[in-house]
Asker: 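Following this message is one structure expressed as structure tokens.
The shown structure was predicted, so the numbers you read here are calculated from the model rather than taken from an experiment.
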Amino acid sequence: MLMTLFLLVPTLLIFLGLQIIGSVPVTFLLFYCWLLLAPVTDFLIVKKATRRQTLHALGLSFSRKNVWTGLVTGAIFLLAILGGGYFSHTVLFDRNDLTELLARWNFTGAHIGGLILILMVVNPILEEVYWRGYMHEKLAKHYRPVTVIVLTAVFYSLYHFLSVIPLFAWPYNIVMVVPVFLAGVIWGYMRHRQHSLLGSIISHILADIGIMGIYLLFLT
């Protein structure tokens with residue numbers, strides 16, 4: 001029951017922030033506080049772990065091969081996102097409708113630069129620490145590696161589904177969840193095989209830079 005709660009809370013917070021409150025800044029506050037405080041509280045208070053044990057459990061150990069894997073996969077994701085967005089943005093979304101939606105969500109104004117920076121740096125770090133670090137470690141105690149990788153990818157994709165539905169035109173909003181799931185599987189596999197989270201963080205950062213590149217190119 002507790003494990004299910006930890007898997008579902010990020011989605012519930014995204015739903016509350018975007019669908020109920022309708023504010024990106026509020027969503028960020030709720031979502032990132034959970035991603036940060038849940039693992040920190042569990043490892044440092046509940047388990048009374050040392051700093052080294054906590055970093056190891058979260059996969060925050062250095063691996064040169066893992067870093068290179070992250071750079072290569074991230075570069076592929078970055079180019080694929082920018083290329084795909086460049087050639088298909090006219091069918092993926094309506095510029096005016098999407099601009100109005102982002103304005104209603106308060107993803108605009110003087111603080112837009114800070115929000116973009118959060119999405120490109122803070123978001124990938126906290127998401128990877130939570131899903132491929134914290135939840136991966138918790139699930140690995142009960143399930144086989146392939147099950148852990150798929151479960152973390154599924155629940156990672158779940159709240160992205162809530163955010164992409166209003167952003168993209170039908171049926172592309174449904175299809176757009178597929179690459180999110182595949183990326184989650186790849187990052188989970190990297191974490192499992194190379195016993196480090198740094199590569200998936202690097203890869204995730206480059207992917208999010210690509211997404212923000214599409215926003216800056218076609219929505220500003």
Side-chain angles (χ1 to χ4, degrees), residues 1-17 27-74 77 121-163 177-205 207-208:
M1 181 63 182
L2 185 61
M3 189 80 71
T4 303
L5 179 66
F6 275 79
L7 289 169
L8 285 174
V9 165
T11 299
L12 296 175
L13 293 177
I14 292 291
F15 178 78
L16 175 62
T27 303
F28 281 3
L29 180 63
L30 295 172
F31 181 63
Y32 295 132
C33 279
W34 172 262
L35 295 191
L36 177 63
L37 294 178
V40 169
T41 301
D42 192 14
F43 281 108
L44 295 185
I45 298 179
V46 178
K47 296 186 177 181
K48 296 182 174 61
T50 65
R51 181 177 300 178
R52 178 174 296 182
Q53 290 172 327
T54 300
L55 293 177
H56 178 75
L58 292 177
L60 295 174
S61 55
F62 180 77
S63 166
R64 188 183 302 274
K65 182 179 180 180
N66 184 244
V67 169
W68 277 109
T69 304
L71 288 170
V72 172
T73 58
F77 289 153
V121 181
V122 176
N123 178 75
I125 292 175
L126 291 185
E127 283 192 324
E128 290 307 307
V129 167
Y130 188 83
W131 291 111
R132 261 64 67 175
Y134 178 59
M135 291 308 303
H136 185 104
E137 193 269 344
K138 289 178 75 69
L139 291 168
K141 298 176 181 177
H142 306 282
Y143 302 103
R144 295 182 304 153
V146 64
T147 304
V148 174
I149 293 170
V150 171
L151 276 176
T152 53
V154 166
F155 284 94
Y156 166 72
S157 305
L158 185 58
Y159 59 82
H160 285 82
F161 183 72
L162 294 178
S163 60
V177 181
V178 175
V180 175
F181 171 76
L182 293 177
V185 170
I186 291 170
W187 293 330
Y189 180 76
M190 288 166 54
R191 194 271 196 244
H192 168 68
R193 290 291 297 175
Q194 299 176 342
H195 307 289
S196 177
L197 203 62
L198 297 183
S200 61
I201 289 175
I202 293 170
S203 183
H204 198 152
I205 287 174
D208 283 2

Asker: Output the distance between atom CG (Leu7) and atom CG (Leu12), rounded to the nearest 0.5 Å.
Answerer: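 Leu7 CG to Leu12 CG: 11.0 Å, rounded to 0.5 Å.
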Asker: Less than 3.5 Å apart, which donor and acceptor atoms pair up between the side chains of residues 143-153 and the rest of the protein, not counting sequence neighbours?
Answerer:
residue, atom, partner, partner atom, Å
Thr152, OG1, Val148, O, 2.9
Thr152, OG1, Ile149, O, 3.0

Asker: For a quick test of reading the model, state the closest non-hydrogen atom pair linking Pro39 to Trp34 and the distance between them.
Answerer: CD-O, 4.0 Å
Asker: Just how far is it from atom CG of Leu16 to atom CG of Leu162, taken to the nearest 0.5 Å?
Answerer: 11.5 Å
Asker: Looking only at heavy atoms, which two atoms of Phe77 and Ala207 are closest? And how far apart?
Answerer: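 So the two residues come closest at CB-CB, 4.0 Å.
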Asker: Closest approach of Ser200 and Glu128, non-hydrogen atoms and distance?
Answerer: OG-OE1, 3.1 Å
Asker: Taking all heavy atoms of Pro124 and all of Asp208, pick out the closest pair and write down the distance.
Answerer: CD-OD2, 3.5 Å
Asker: Please determine whether side chain to side chain contact (heavy atoms under 4.5 Å, CB included) holds for the pair Leu158 and Ile14, giving the CA-CA distance in whole Å, both sets of side-chain angles, and the decisive distance to 0.1 Å.
Answerer: CA-CA 10 Å; Leu158 185 58; Ile14 292 291; over 6 Å; no
Asker: Relative to each other, are the rings of Trp187 and His204 parallel, tilted or perpendicular (30° and 60° limits)?
Answerer: parallel
Asker: State, with a plain yes or no, whether a side-chain heavy atom of Glu127 is found less than 4.5 Å away from one of His160.
Answerer: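 Contact flag for Glu127/His160 side chains = yes.
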Asker: Of the options Val9, Thr11, Thr4, Leu8, which is the one that meets Phe155 in a side-chain contact (heavy atoms from CB on, under 4.5 Å)?
Answerer: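 With Phe155 as partner, Val9, Thr11, Thr4, Leu8 yield a single side-chain contact (heavy atoms from CB on, under 4.5 Å), made by Leu8.
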Asker: Which distance, rounded to the nearest 0.5 Å, do you find between the CG of Leu197 and the CD1 of Ile125?
Answerer: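 Separation between the atoms: 10.0 Å.
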Asker: To the nearest 0.5 angstrom, please state how far the OG atom of Ser63 sits from the CE atom of Met190.
Answerer: 9.5 Å
Asker: Locate the shortest heavy-atom distance separating Thr69 from Gln194; write the atom from each residue and the value.
Answerer: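 Where Thr69 meets Gln194 most closely, the heavy atoms are OG1-NE2, 3.0 Å.
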Asker: Any side-chain donor-acceptor pair under 3.5 Å between Thr73 and Ser203?
Answerer: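 Yes, a side-chain donor-acceptor pair sits under 3.5 Å.
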Asker: Can you see which heavy atom on Arg132 is nearest to which on Arg191, and at what distance?
Answerer: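 In this case the closest contact between Arg132 and Arg191 is O-NE, 2.5 Å.
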Asker: Are Phe6 and Trp131 near enough that their ring centres are under 6.0 Å apart?
Answerer: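 Aromatic pair excluded; centres sit 6.0 Å or further apart.
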Asker: Nearest 0.5 Å, please: how far is CD1 in Ile201 from OG in Ser196?
Answerer: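 One finds 8.0 Å between OG of Ser196 and CD1 of Ile201.
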Asker: Taking only residues two or more places apart in sequence, or in another chain, which ones meet Tyr32 in a side chain to side chain contact (heavy atoms under 4.5 Å, CB included)?
Answerer: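 Expected list: Phe28, Leu35, Ile118, Leu119, Asn123, Leu126.
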